[in-house]
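One structure is given here, and the rest of the page talks about it.
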2 protein chains.
Amino acid sequence: MRKTTIKDVAKYANVSIATVSRVINNSPLASKEAKKKVLQAIRELGYEPNALARGLVSRKSNTIGVLIPDVSNPFFAKVFRGMEDAVHKNNSNVFICNTDKDKERMLRYIKFLREKQVEGVIFTSEEVTKEYYEALYSLNVPVVLVATEAKEYNLPAVKVNDYQAVSDAIKYLVDNGHSNIGMISGPLEDKIAGLPRYEGYKSTLMEMGIPFNEENVVFGDYRFESGKKAIKELLSKNPEITAVFVSSDEMAIGSIVGACKMGIEVPKELSIIGYDNVSISEMSNPALTTIDQSLYQMGYQGVELLFEMIEKQKKEDSRICKGDTIYIPHRIIERESVSNLIQLNI
Amino acid sequence: MRKTTIKDVAKYANVSIATVSRVINNSPLASKEAKKKVLQAIRELGYEPNALARGLVSRKSNTIGVLIPDVSNPFFAKVFRGMEDAVHKNNSNVFICNTDKDKERMLRYIKFLREKQVEGVIFTSEEVTKEYYEALYSLNVPVVLVATEAKEYNLPAVKVNDYQAVSDAIKYLVDNGHSNIGMISGPLEDKIAGLPRYEGYKSTLMEMGIPFNEENVVFGDYRFESGKKAIKELLSKNPEITAVFVSSDEMAIGSIVGACKMGIEVPKELSIIGYDNVSISEMSNPALTTIDQSLYQMGYQGVELLFEMIEKQKKEDSRICKGDTIYIPHRIIERESVSNLIQLNI
DNA sequence: AAACTAACTGTAAACGTTTACAGCATTATT
DNA sequence: AATAATGCTGTAAACGTTTACAGTTAGTTT
């Protein structure tokens, strides 16, 4: 059963296909009368233009691609939701690609996006390796990085300043009277969210006149279970710790649960501050004090930037799409998992 | 900058575009020699076929649409992840549409999917109203329902049997010695997840010889905050309750937190069982005992079914796509939020 | 009344593919 | 030796749009 085409509409309305096309795209070249006839025909036949054909001749697919590790992870889910809303505000669509941080999947998807003639792509939360950069470059469309950056390639990016955010978190703990501060970090090989946070922790401690001690940091993989394990390890290495900065909310909640199983009460005996402000952080018991990354906004803004670049590229017909990193604001969300030692001592 | 096309490849390899096309689609009509020349040319020119043009002539977009309330909700995120994996296993792509349970958005998206020539659509977790059904029907492609059903329209669906699942949950509580069992339900106007679960609760209670009491059920909206509020309301109406079935995990975790704030210990003084087995249910404290819906599998299977139907429709050239509801298995995940009264009494 | 303009309309070419069809060697069959 | 079959190739039409261009009509200016 063939779908209704522009030809059918033209015949039905007794005009040429050019006129129909003009009406659809409401060009000023169509007369009132023609418009009326055509609109009527469209309604009666239930016509809907074929985006494939449109895209082919206009060279516009109205589609962008999003490369993201895993939408089922609450962190990415939130970021993606922001992206999606921005995409639809711009009357466009999005192909989503879960890469699982797998090289082959990533490369396959990039190829795929090319075939689909996407007009831009968002690359989320992974390190931009040389191989990835080349694949992206060959796409020949604007690329925006979200929750990651790649200064060496000069790609535009939207993220929070991790170093600064962690630094603020540590200062907050110190302001609350803590000086024996531990950390549960992501892996240091992770150049995006691992290393910079670790360094933020280390430098800020030193800046505040607190000696840095390697024993006070333990590593995890950002997930719940690893937080549960890590807190035990940390506390067994140094039971004197009164507060710990944890590199992700999920892992932080793991630490709370882990501490609880050890009979340690949060925040009375141990303060915990997380990172991300993912929705589950309000649901933990006690509710998690954390660094808000405005994930939704990060996604939204990344896509907005992408559309600006697409617009710009179209005008200038330039091939190269460079840009700086835009740092979006972060802030501390005070909930229940950090106690104020100073107040307590008064 | 024009992209490399099949013509460029043909010229470069000194063959006709038909031959190039044959090689790309590895048709047996291409000779070994031609294949070699063409492949070489493709590699050197970095050619990638244009999916828009392909789709136009072959009338295949290799794309399906997913209508889903909100991917940033962990429930849907998990379901969607299953869908996405199934889609990519079938060498296809997916347009995702967050409807926010908003009628206008839904209708707009359906129109949209039609323009994009999707070959099938997944409709998730909402009631199929007459208006929606008609919009979907006009798409003229197979539709599969996931986490919802619509017997009156005979649409194929994949979901768990809510009534049975709730019934099992109640029996489980009874088996653990509870007889004063409350419920935090979704709204009864919700024909998909509200009413059936409420009825499962009511009937099973009666079946087990426990009188049903309207006072023992309180309503929420499945979200955390409403669970927190609801448990207070429930307990104030009837402090004798020893266990409560809560219609979603998020709301159940809210109840745990709410109870805790009231100084009531879960599960020692109050048992709570949830519904969904969303990833955060392992992260609550105590970890939540719940009914597993295999969300990932639900999404995966829904998409698999959709592809089968697309295949079938292509062969039979039939317009109508009817089907039964496939109930996928559910099971009780025993964690820490339900206590066994019988064991305790021994 | 001729020439020009304005406001619209239709024809046809393009977009980048797939594929039916016809054609041409080459080999196999009579 | 003529015919048939096989294996491959290229030409051209189609897919459903957009849009440059030429054409038509009616109204305005001279």
Side-chain angles (χ1 to χ4, degrees), chain A residues 1-39 41-42 45-63 112 114-119 140 314, chain B residues 1-39 41-42 45-63 111-119 140 314:
Chain A
M1 259 229 306
R2 264 185 61 263
K3 287 208 174 126
T4 314
T5 74
I6 201 172
K7 279 184 202 157
D8 302 323
V9 176
K11 198 176 287 172
Y12 193 91
N14 235 320
V15 293
S16 72
I17 58 168
T19 300
V20 177
S21 173
R22 285 184 194 111
V23 173
I24 295 170
N25 300 289
N26 46 61
S27 137
L29 292 178
S31 70
K32 276 236 151 105
E33 207 197 351
K35 208 172 267 183
K36 212 181 113 190
K37 278 196 294 185
V38 171
L39 255 19
I42 288 176
L45 298 173
Y47 167 75
E48 212 82 63
N50 180 329
L52 261 36
R54 281 186 137 175
L56 182 55
V57 28
S58 66
R59 290 144 176 289
K60 290 206 48 190
S61 62
N62 268 316
T63 303
F112 187 81
R114 168 126 76 129
E115 288 183 11
K116 291 289 181 177
Q117 315 293 311
V118 295
E119 297 176 30
N140 228 336
K314 219 179 292 171
Chain B
M1 260 227 308
R2 265 184 60 262
K3 288 208 175 129
T4 314
T5 74
I6 201 172
K7 278 182 202 158
D8 302 323
V9 176
K11 196 177 288 173
Y12 194 92
N14 237 320
V15 294
S16 73
I17 58 167
T19 300
V20 176
S21 174
R22 284 183 194 112
V23 172
I24 294 169
N25 299 291
N26 46 62
S27 137
L29 290 179
S31 69
K32 275 240 153 103
E33 207 196 350
K35 206 170 269 181
K36 211 180 116 190
K37 277 195 294 183
V38 171
L39 256 19
I42 287 176
L45 298 173
Y47 168 75
E48 213 82 61
N50 181 329
L52 261 35
R54 282 185 136 173
L56 182 56
V57 27
S58 65
R59 289 143 177 289
K60 291 205 47 191
S61 64
N62 267 316
T63 303
K111 189 175 153 184
F112 187 83
L113 291 175
R114 169 129 75 127
E115 289 185 11
K116 290 288 183 178
Q117 316 292 314
V118 294
E119 296 175 30
N140 227 336
K314 218 178 296 171

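Computed from heavy atoms alone, side chains included, the values below leave out hydrogens, waters and symmetry copies. Letters go in sequence order (proteins before strands), and every chain restarts at 1. Because the structure is predicted, anything quoted here is derived from the model rather than measured.
For A:Lys11 and D:dT17, the NZ to C1' distance is 17 Å, given to the nearest whole Å. Between A:Ile24 atom CD1 and D:dT17 atom P the separation is 7 Å, expressed in whole Å. The CD atom of B:Glu33 sits 12 Å away from the C1' atom of D:dT9 (whole-angstrom rounding). Taking atom NZ of residue B:Lys60 and atom P of nucleotide D:dG16, one finds them 17 Å apart after rounding to whole Å. Between the P atom of D:dT17 and the CG atom of A:Leu52 lies a distance of 10 Å, rounded to the nearest Å. Counting to the nearest Å, the C1' atom of C:dG10 and the CZ atom of A:Arg22 are 8 Å from each other. Atom C1' of nucleotide D:dG16 and atom NZ of B:Lys116 are separated by 15 Å, given to the nearest angstrom. Atoms NZ (B:Lys36) and P (D:dC8) sit 16 Å apart, rounded to a whole Å.
Out of C:dT9, D:dG16, C:dT17, the shortest distance to the side chain of A:Thr19 is found at C:dT9. When distances run from any side-chain atom of A:Ile6 to the nucleotides D:dA14, D:dT17, D:dT19, the shortest one goes to D:dT17. Side-chain proximity of B:Ser16 to D:dT17, C:dG16, D:dT11: nearest is D:dT11. With D:dC21, D:dA12, D:dC15 as the candidates, the nucleotide lying closest to the side chain of B:Ile17 is D:dA12.
As judged by a 4.0 angstrom heavy-atom cut-off over every strand, A:Ala30 is placed among residues touching the sugar-phosphate backbone only. Note on A:Arg59: only backbone sugar-phosphate atoms sit closer than 4.0 angstrom, heavy atoms only; bases stay farther off.
Contact check, A:Arg54 against C:dC15: no side-chain N or O comes under 4.0 Å of OP1 or OP2. At C:dT9, one or more side-chain N or O atoms of A:Ser31 fall inside 4.0 Å of OP1 or OP2 (strictly under the cut-off). Side-chain N/O atoms of B:Asn25 include one lying less than 4.0 angstrom from OP1 or OP2 on C:dT18. The side chain of A:Ser21 places an N or O atom within less than 4.0 Å of a non-bridging phosphate oxygen (OP1 or OP2) of D:dT18. Remark: B:Thr5 is not in phosphate contact with C:dG16, judged by side-chain N or O atoms under 4.0 Å from OP1 or OP2.
Of the inter-residue distances, the one linking B:Glu33 atom CD with B:Lys36 atom NZ reads 8.0 Å to the nearest 0.5 angstrom. Distance check: B:Leu39 CG to B:Ile24 CD1 gives 9.5 Å after rounding to the nearest 0.5 Å. If you take NZ on A:Lys116 and CG on B:Asn62, they are separated by 5.5 Å, rounding to the nearest 0.5 Å. Rounded to the nearest 0.5 angstrom, B:Ser21 OG and B:Ile6 CD1 are separated by 5.0 Å.
Where B:Ala18 and A:Asn14 each meet DNA chain C at their nearest nucleotide, the meeting point lying more 5' is that of A:Asn14. Both B:Leu29 and B:Leu56 lie close to DNA chain D; mapped to their nearest nucleotides by heavy-atom distance, the more 5′-ward contact belongs to B:Leu29.
If you check the side chains of A:Arg54 and A:Asn25, you find a donor sitting under 3.5 Å from an acceptor. At a cut-off of 3.5 Å, with distance as the only test, no side-chain donor of B:Thr19 or B:Lys37 sits close to an acceptor on the other residue.
Comparing the axis of the opening five pairs of the helix from C:dA1-D:dT30 to C:dT30-D:dA1 with that of the closing five pairs yields an angle of 60°, rounded to 10°.
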Can you list the steps and then say if B:Asn50 with A:Leu56 is a side chain to side chain contact (heavy atoms under 4.5 Å, CB included)?
CA-CA 9 Å; B:Asn50 181 329; A:Leu56 182 55; 4.2 Å; yes
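Proximity of a side-chain donor or acceptor of A:Gln117 to a complementary backbone N or O of A:Glu115 within less than 3.5 Å is detected.
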